[in-house]
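Because only heavy atoms are used, hydrogens play no part in the values below, and waters and symmetry mates are left out as well, while side chains stay in. Atoms within each ligand, like the ligands themselves, are counted from 1 in listed order.
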Amino acid sequence: MTFSAVIVAAGSGTRAGPGQAKQWRSLGGKPVLRWSVESFLAAGAAEIVVVTTEDGALVLPEVLKGLRGWKGARGGATRALSVQAGLGALSDRPADEPVLVHDAARPFLTRTTVDSLLSALVGKDGAFPALAVADTLKRAAPGGAVVTTSRDHLWRAQTPQAFGRATLVSAYEAWDGDTEPTDDAQVVEAAGGSVTIAPGDPLLMKLTYPEDFAMAERLAGAARITRIGQGFDAHRWGPGGSVWLCGVEIAHDETLIGHSDADAGLHALTDALLGAIGEGDIGDHFPPTDPQWKGAASDKFLIHAAELVRAKGGSIINVDVTLICERPKIKPHRAAMRERLAEILSLPIDRVSVKATTTEQMGFTGRGEGLAAQAVVAVETPA
Ligand code: MG
């Protein structure tokens with residue numbers, strides 16, 4: 001099911017302490033807002049609108065650098081006006097397509113929450129994640145007696161909240177403008193819509209007070225998962241004077257035959273990255289039948305795979321390539337290969353490994369018929 005998202009990041013967030021508004025503050029090494037955008041991208045959002053103040057719009061391109069599929073919108077004086085501005089900025093999308101409205105101050109959104117919201121929304125006008133109240137509730141007016149209150153049937157509503165786009169737009173149009181709703185489900189409830197509860201997530205905590213950031217820093221690691229990908233490639237030796245391996249040209253008395261430059265090291269590594277993020281294989285993205293890839297330098301393929309990782313809000317942890325051949329000798333070129341891979345992937349050199357082995361003259365590599373390459377990568381993405 002396709003869906004779009006509106007992220008409200010137009011608040012000044014003064015309760016979180018002095019200085020920058022909380023959506024721009026760094027959490028686990030990146031801005032709070034970026035967490036939500038990456039999560040929506042990883043969950044498959046077709047379009048994301050980020051609503052900011054005028055000042056926020058100036059820093060947005062830097063905060064979301066390298067991510068695609070989002071656009072900015074200018075917020076209003078209240079949260080309700082900002083949400084409506086965000087809805088208005090969505091492209092001409094189907095009226096019944098779900099839109100998820102989210103507060104930027106809840107950075108740890110997971111795909112599980114998005115999926116359960118979309119399921120809960122079926123047949124309803126709205127769905128929101130919520131947690132049951134576990135603490136005993138007390139009512140205490142200043143100077144009055146403390147009274148214990150039942151927590152039965154009480155829920156703590158979180159965001160994102162899901163609605164059919166047209167349903168939410170018309171509910172806001174019908175909203176009495178004299179009072180300010182504290183969430184979007186309230187607006188749909190008031191318009192007579194049916195709203196249901198989906199499972200909430202304790203990780204979806206809202207960053208409100210300075211002490212929330214300290215806890216969120218400790219949780220940041222739990223909101224990301226590590227994925228492993230592996231790739232394998234082989235090419236046949238043929239007449240030639242040099243060979244490309246891991247992006248480095250080596251003088252040799254043969255070359256590898258292939259549609260592109262036949263750099264088996266880069267091909268295996270590209271497949272490993274695509275595998276880690278479930279994006280098929282190199283042939284899906286660069287069909288060998290397509291004449292534009294004839295003789296192509298294979299760093300293009302690797303750059304594309306790395307961009308796909310980033311577009312999902314992911315980052316590459318490390319890569320490890322093994323070249324399998326009797327000749328040429330790889331060792332004298334390993335340092336140059338690591339440097340080239342580190343450069344293409346923007347990684348520190350100690351996260352890039354190139355190794356080589358022979359097969360003791362056994363098999364097709366041992367007989368000198370061809371060269372093979374294997375690669376393994378680790379990638380971190382939103383959960
Ligand atoms: Mg190949």
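- The atom of H267 nearest to the Mg ion (ligand 1) is ND1, with the search restricted to N, O or S atoms.
- K355 and D320 are joined by a salt bridge, as a carboxylate oxygen and a charged side-chain nitrogen come within less than 4.0 angstrom of each other.
- There is no path of hydrophobic side-chain contacts, each under 4.5 Å, that joins V376 to L323.
- Not a single N/O/S atom of D263, whether from backbone or side chain, sits less than 2.8 Å from the Mg ion (ligand 1).
- Between E307 and R310, no side-chain nitrogen of the basic residue sits less than 4.0 Å from a carboxylate oxygen of the acidic one, so the salt-bridge criterion is not met.
- The nearest N/O/S atom of D233 to the Mg ion (ligand 1) is OD2.
- Classification of R224 and E38 as a salt-bridged pair holds, one side-chain N sitting under 4.0 Å from a carboxylate O.
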